[in-house]
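Please read the structure below before turning to the comments.
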Number of protein chains: 4
Amino acid sequence: MKVGIIGATGYGGLELIRLLHNHPEVEKMELFTSSDEGTIFSSRFGHLFTIHDDSLKKIDKDTLASFDVVFTSTPSGVTGKLLPTLVGTGPKLIDLSGDYRLKQPDLYKEWYKKEPAPFELLQESVYGLTEWNEGQIKEANIIANPGCYPTAVLLSILPLIKESLIDANNLIIDAKSGISGAGNKPSQATHFSETNENFSIYKINEHQHIPEIEQAINLFTGVSTTVTFNTHLVPMNRGILSTTYSPTTSGVTEEQLFECLVETYKNNPFVRIIKGASSFGTNRVKGSNYCDISVKLDERTNRVTIVSVIDNLVKGAAGQAIQNMNVQFGLSQKTGLDIVPLFI
Amino acid sequence: MKVGIIGATGYGGLELIRLLHNHPEVEKMELFTSSDEGTIFSSRFGHLFTIHDDSLKKIDKDTLASFDVVFTSTPSGVTGKLLPTLVGTGPKLIDLSGDYRLKQPDLYKEWYKKEPAPFELLQESVYGLTEWNEGQIKEANIIANPGCYPTAVLLSILPLIKESLIDANNLIIDAKSGISGAGNKPSQATHFSETNENFSIYKINEHQHIPEIEQAINLFTGVSTTVTFNTHLVPMNRGILSTTYSPTTSGVTEEQLFECLVETYKNNPFVRIIKGASSFGTNRVKGSNYCDISVKLDERTNRVTIVSVIDNLVKGAAGQAIQNMNVQFGLSQKTGLDIVPLFI
Amino acid sequence: MKVGIIGATGYGGLELIRLLHNHPEVEKMELFTSSDEGTIFSSRFGHLFTIHDDSLKKIDKDTLASFDVVFTSTPSGVTGKLLPTLVGTGPKLIDLSGDYRLKQPDLYKEWYKKEPAPFELLQESVYGLTEWNEGQIKEANIIANPGCYPTAVLLSILPLIKESLIDANNLIIDAKSGISGAGNKPSQATHFSETNENFSIYKINEHQHIPEIEQAINLFTGVSTTVTFNTHLVPMNRGILSTTYSPTTSGVTEEQLFECLVETYKNNPFVRIIKGASSFGTNRVKGSNYCDISVKLDERTNRVTIVSVIDNLVKGAAGQAIQNMNVQFGLSQKTGLDIVPLFI
Amino acid sequence: MKVGIIGATGYGGLELIRLLHNHPEVEKMELFTSSDEGTIFSSRFGHLFTIHDDSLKKIDKDTLASFDVVFTSTPSGVTGKLLPTLVGTGPKLIDLSGDYRLKQPDLYKEWYKKEPAPFELLQESVYGLTEWNEGQIKEANIIANPGCYPTAVLLSILPLIKESLIDANNLIIDAKSGISGAGNKPSQATHFSETNENFSIYKINEHQHIPEIEQAINLFTGVSTTVTFNTHLVPMNRGILSTTYSPTTSGVTEEQLFECLVETYKNNPFVRIIKGASSFGTNRVKGSNYCDISVKLDERTNRVTIVSVIDNLVKGAAGQAIQNMNVQFGLSQKTGLDIVPLFI
């Protein structure tokens, strides 16, 4: 397979390079840019010295036509304009930005404050939450790779909503992310001295992943709901932990909740259901494509605490994108992704 | 004033030393121990070299009788037995452990899995949430200094419950703490390599601060409720951020919520109500006795997001203990506590 | 005393505010700016809300004339031009930037790559290494506050050079700093995800503090030498640890080295000589004005290992600046600086 | 290949599991213990759930006889006694502890304060610094895998010593390590709150890697010397950066030093020589088996600054051990180790 990456200098792009380097079916990987043509990539990212010393190539429809798949990992607002020039020219398109996730252009405008992608392409694109959309992903020309937060949240709550074990009208989702989720562009909000030794909440009730979560709940379970969703920055590089609170439906036991998750994911290698842990964290999945989920019923309140952890750059971005590529090309989902978490 | 500290080697104790060193009314500070009598304190804690080079003294009722106040900052389960030997002998007693917070011995047994303090002393002790209990604190012989989490949580939600602006039956409290909250005793759970670059949830639905929060809500607002409360460990030393979610009562506006908080705390120097911030973190209060609170109404869901930050070792422990001492001795609350947060 | 701060938004400036807030002789503190006149300072730095809610004032010679002292804490290249307009107008000037440290304009040009301050002012300025220059500081109109690294290095090696106990021709100085030393301006080099979990060397053999160290060795001991000096970034906010290696002169014992340091600093409250520690770190001094020094002789090699730690923002910047102010105004050096290190 | 691991619960052992999982020639990997027989390994290390759910096996000579290679990754003092029972029974032995590195039992006693391994086995064991000892490693029955610090140091200085480009009598080595190097056993020295936001020096002039470095310099270059070597703890999980200072021999240029390194390692895939970088850090190699080296000549002092970075758990432990296994079994050194550094 020939694989192209647009937006390689971002953290999602760098992670694609890291993971695709060890993908046994990828014979050629090239990096494309709109602005830095000719730059030797490893001169900017020294960790890739001797590993990927090629220069950045110009984004060009004709060149890209010979590729099997092109990943776009750009800031939001870019691929809405770029993909229309590439769709139908040859490669499968897997977009890691947020531009193709929301089906309604108005929602995109409202939450992203940018111009949406063309309506038809929004409809054509397939939401790449691999475990829930494998059939469509297999046939898709454009995959909208899910956001990092929605991946962690949805995998943990969709089965319980679908089986009506929890009350989808009262979902409180409190999510926490390592700072790599904010991307590679320096700003006061990501300046070391002001983020280190600091735990903060941001975009209170205004995160653009809210409509994505609501849309996906509806898509995969038929339930319409509005969720409360907030996000926090943890002084660490990688990892998302999402804590969701919900009343259970009448008479539901912790065992039922647990079994529902186990059953849902029994054939999915990357979703692991943790039994009985009262403590666990993001280092269970660091550097890997796993999503670990736990569920605890509080019998005092009849509310369930649903916790999930992912590596935001892997299952929350590059890893899931490759997982989707594997599905599209008829490979085992684990191809190139059978990675042991680093733990430390 | 003569001040004694029992349990000086813990982080709460060290913080008492740090803060009391600059308290203008404290003329003498001595450290007491049950086991390490004679040890030069600064030989174990080098940062105190030339600052506090005294040796640890033996805990002795007669010696302590001449002190104005004795702070006990020990692990739970110690002062339940120790304070009965000291009460009434002279000094005011301010207990930073959890042993005197819960009025019902059974609750203590259930949540702490230890033997409770004597019933009469539990009734005599006064809950030291300074801003809400100043009158009783002034007269108290035993002060049960609040837990770190309850301090952050209660200050932010009590006014809104008391004024019936939020639905106290649906409180979801998601709290996050720096790791100093786990104390100074090494364990796998506080081992650097396994906590750094790791964000984790612990004691899911089982934290011993749950009954303390519920008791205090009842004490200060008259409302009986069960809360959902969870705690997480942040890879940083100091700081707690608490995010509480609640439905508002009908028709309540964000402005009303904000004004309720401003009004409640208008004469309290350490509680600051933040207006309109959509992002903020624990570094606003690092090293200081402030509690900063923000409230945001989500009009999509009619749920309010209440956020508060404290330094767990200051307002969540030693600082509030000194604030209580100030109240007891008729001093301005700010005496010795007028500290600018470190920010970085 | 009336105190003005120019460059308050930098980390040195913020630290001046933090420390001066508790200085008993400072009655008025005002912040001045060249560009953001009128901005409420605490709207940008929320940790100062209710503590310093004044607006920034315009830098104005006539206004500043009534101040007792003005601290300038700007990036290098600014006060070289600014101070000539203020000198002689009234206030004592204490410059925390590097512009007045090097007596030779050519050296400044070579190492800072900027235009030097006027020659006469460079000669008039007094190097503010308090423990070594108290006499001159007392009389100075312009104080060049030392760099953070030079402070840590010089305090630990000057006594040994002066007493000819070590070979000043073979000084290898390996210094490590927390990232706040790089200032508050975001850049790739201070972006959280690329500095966290990363220990790096920078400006190899090219740090602008090299000539400052060499000049100060000469000034205070009469010895001319070139030193090897390198700097590293530690993923933490505050703290410098400097490790210096040097051959000893013939027959010198560890006891002699230790006694030399003890004797030199016996009347200096902020320099603490640690005896016999084989392990210690920057948290001994965090948040405080202390400089802790240890010396170990390796009898296998006859080389001495001299280690010192400071808080780069306190003893390495704002704290020492206030210490100098205290000297100038005949106050005890500890006034406003009697701070217990945070330790954690 | 059948591979056994003794000491799997340590960080070196966990890293062996992580890396060997993706080694294409390893068909079977089993974990052995002296004390926890029968424990399901992933019940203690949740990150391995579904990846390695086998139970720990009892260390047994006969069972191990059928294995191709056994890695021992235990604290020092264990394999000195254990390996004599296994040597000659079948498997190649690769020891990651320090017990077989020093050829002289007295030196081991002096620096490790423990009983040395049997003299004959010490002589039989081969020092596993892969790039410098490939021939002997190929034939070895017992490999003493190098220490983490010595690996980083030796790879960077051996070529320059061997070619007499630097003065081996004046080597000052200042090394810094992430805290995983201290292992997985909790202690005050590795307790989060006291290591985070703290940079410290430890074991001043007394680290047990000193004789290992000196022995290896002699082994590979014939030069006898004593080195000054100190170690520091960096508040991060992984990574070592070593800074070595040395006078150059007369007339040597930076280009010569650089070329010497390039030439030495031209056929070694894991040693990368960085040209001209004035800043770089451990994140260049995080999670990978690379050792990146830079050399800068300071013309002011004629001293060279030699910097190298490794991941202490990979090239400094498990990765190099697998590299040695590859050599022993005639595989390409990169087999199973062709890993892209994580960077963030």
Side-chain angles (χ1 to χ4, degrees), chain B residues 11 14-22 24 42-43 45-52 178-180 183-184 196-197 235-238 265 268-277 279-288 290 292 294 309 311-314 336-344, chain C residues 11 14-22 24 42-43 45-52 178-180 183-184 196-197 235-238 265 268-277 279-288 290 292 294 309 311-314 336-344:
Chain B
Y11 293 154
L14 289 173
E15 199 71 356
L16 282 167
I17 296 171
R18 178 173 84 90
L19 298 173
L20 288 169
H21 179 79
N22 290 116
S42 61
S43 69
F45 295 100
H47 69 288
L48 294 173
F49 178 44
T50 75
I51 298 171
H52 194 94
I179 292 168
S180 66
N184 73 335
N196 182 47
E197 290 298 289
M236 62 181 188
N237 284 1
R238 290 167 180 254
Y265 294 116
N268 291 276
F270 293 120
V271 182
R272 306 187 294 188
I273 314 305
I274 310 173
K275 177 140 203 179
S279 306
F280 68 98
T282 56
N283 65 357
R284 286 181 69 99
V285 297
K286 192 160 88 181
S288 81
Y290 291 100
D292 284 6
S294 138
V309 289
D311 182 317
N312 57 306
L313 296 179
V314 188
L337 295 172
D338 183 14
I339 299 163
V340 179
L342 286 165
F343 181 51
I344 60 169
Chain C
Y11 292 155
L14 290 172
E15 198 71 357
L16 283 167
I17 296 171
R18 177 172 85 89
L19 299 172
L20 289 168
H21 179 80
N22 290 115
S42 62
S43 68
F45 295 101
H47 68 290
L48 294 173
F49 178 43
T50 75
I51 299 171
H52 194 95
I179 292 169
S180 65
N184 73 334
N196 181 47
E197 290 297 289
M236 62 182 188
N237 284 0
R238 288 167 180 255
Y265 294 114
N268 290 276
F270 293 119
V271 182
R272 307 189 293 189
I273 314 304
I274 312 172
K275 178 139 203 181
S279 305
F280 68 98
T282 55
N283 65 357
R284 286 181 70 98
V285 296
K286 193 160 88 179
S288 81
Y290 292 101
D292 284 6
S294 139
V309 288
D311 183 317
N312 58 305
L313 295 179
V314 188
L337 295 173
D338 183 15
I339 299 163
V340 179
L342 286 164
F343 182 50
I344 61 168

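Each chain gets a letter, A, B and so on, in the order the sequences are listed, and its residues count up from 1.
- Using cut-offs of 30° and 60° for the angle between ring planes, the Tyr11(B) and Phe343(C) rings count as perpendicular.
- Interface residue Phe45(B): only side-chain heavy atoms are found under 4.5 Å from chain C.
- Contacts of Tyr290(C) with chain B are made by side-chain atoms alone, with heavy-atom separations under 4.5 Å and no backbone atom involved.
- When the side-chain hydrogen bond (donor to acceptor under 3.5 Å, both in side chains) test is applied to Ser294(B), no partner is found at least two apart in sequence or on another chain.
- Minimum interatomic distance between Arg272(C) and Thr50(B) (heavy atoms only, all atoms of both residues): CD-OG1, 3.4 Å.
- Looking at Asn237(C), only its side chain comes within 4.5 Å of chain B, counting heavy atoms on both sides.
- With a threshold of 4.5 angstrom between heavy atoms, Ile273(C) approaches chain B through N, CA, C or O but not through any side-chain atom.
- Counting only heavy atoms from C-beta outward, the side chains of Ile344(B) and Asn184(C) never approach each other to under 4.5 Å.
- In this structure, CG on Asp292(B) lies 8.0 Å from CZ on Phe49(C), to the nearest 0.5 angstrom.
- Summarising the geometry, atom CG belonging to Asn196(B) is positioned 7.0 Å from atom CG belonging to Asn196(C); distances are rounded to the nearest 0.5 Å.
- With rounding to the nearest 0.5 Å, the separation of OG in Ser42(C) from CZ in Arg284(B) is 8.5 Å.
- Ranking Ile274(B), Asp338(B), Asn22(B) against chain C, the residue ahead of the rest is Asp338(B), based on heavy-atom pairs under 4.5 Å.
- Interface residue Arg238(C): only side-chain heavy atoms are found under 4.5 Å from chain B.
- Of the inter-residue distances, the one linking Leu342(C) atom CG with Glu15(B) atom CD reads 6.5 Å to the nearest 0.5 angstrom.
- With chain B as partner, the option from His52(C), His21(C), Arg18(C) having the largest number of non-hydrogen pairs under 4.5 angstrom is Arg18(C).
- Of the residues listed (Leu14(C), Leu19(C), Ile51(C), Leu20(C)), the one engaging Val340(B) in a side-chain contact (heavy atoms from CB on, under 4.5 Å) is Ile51(C), and it is the only one.
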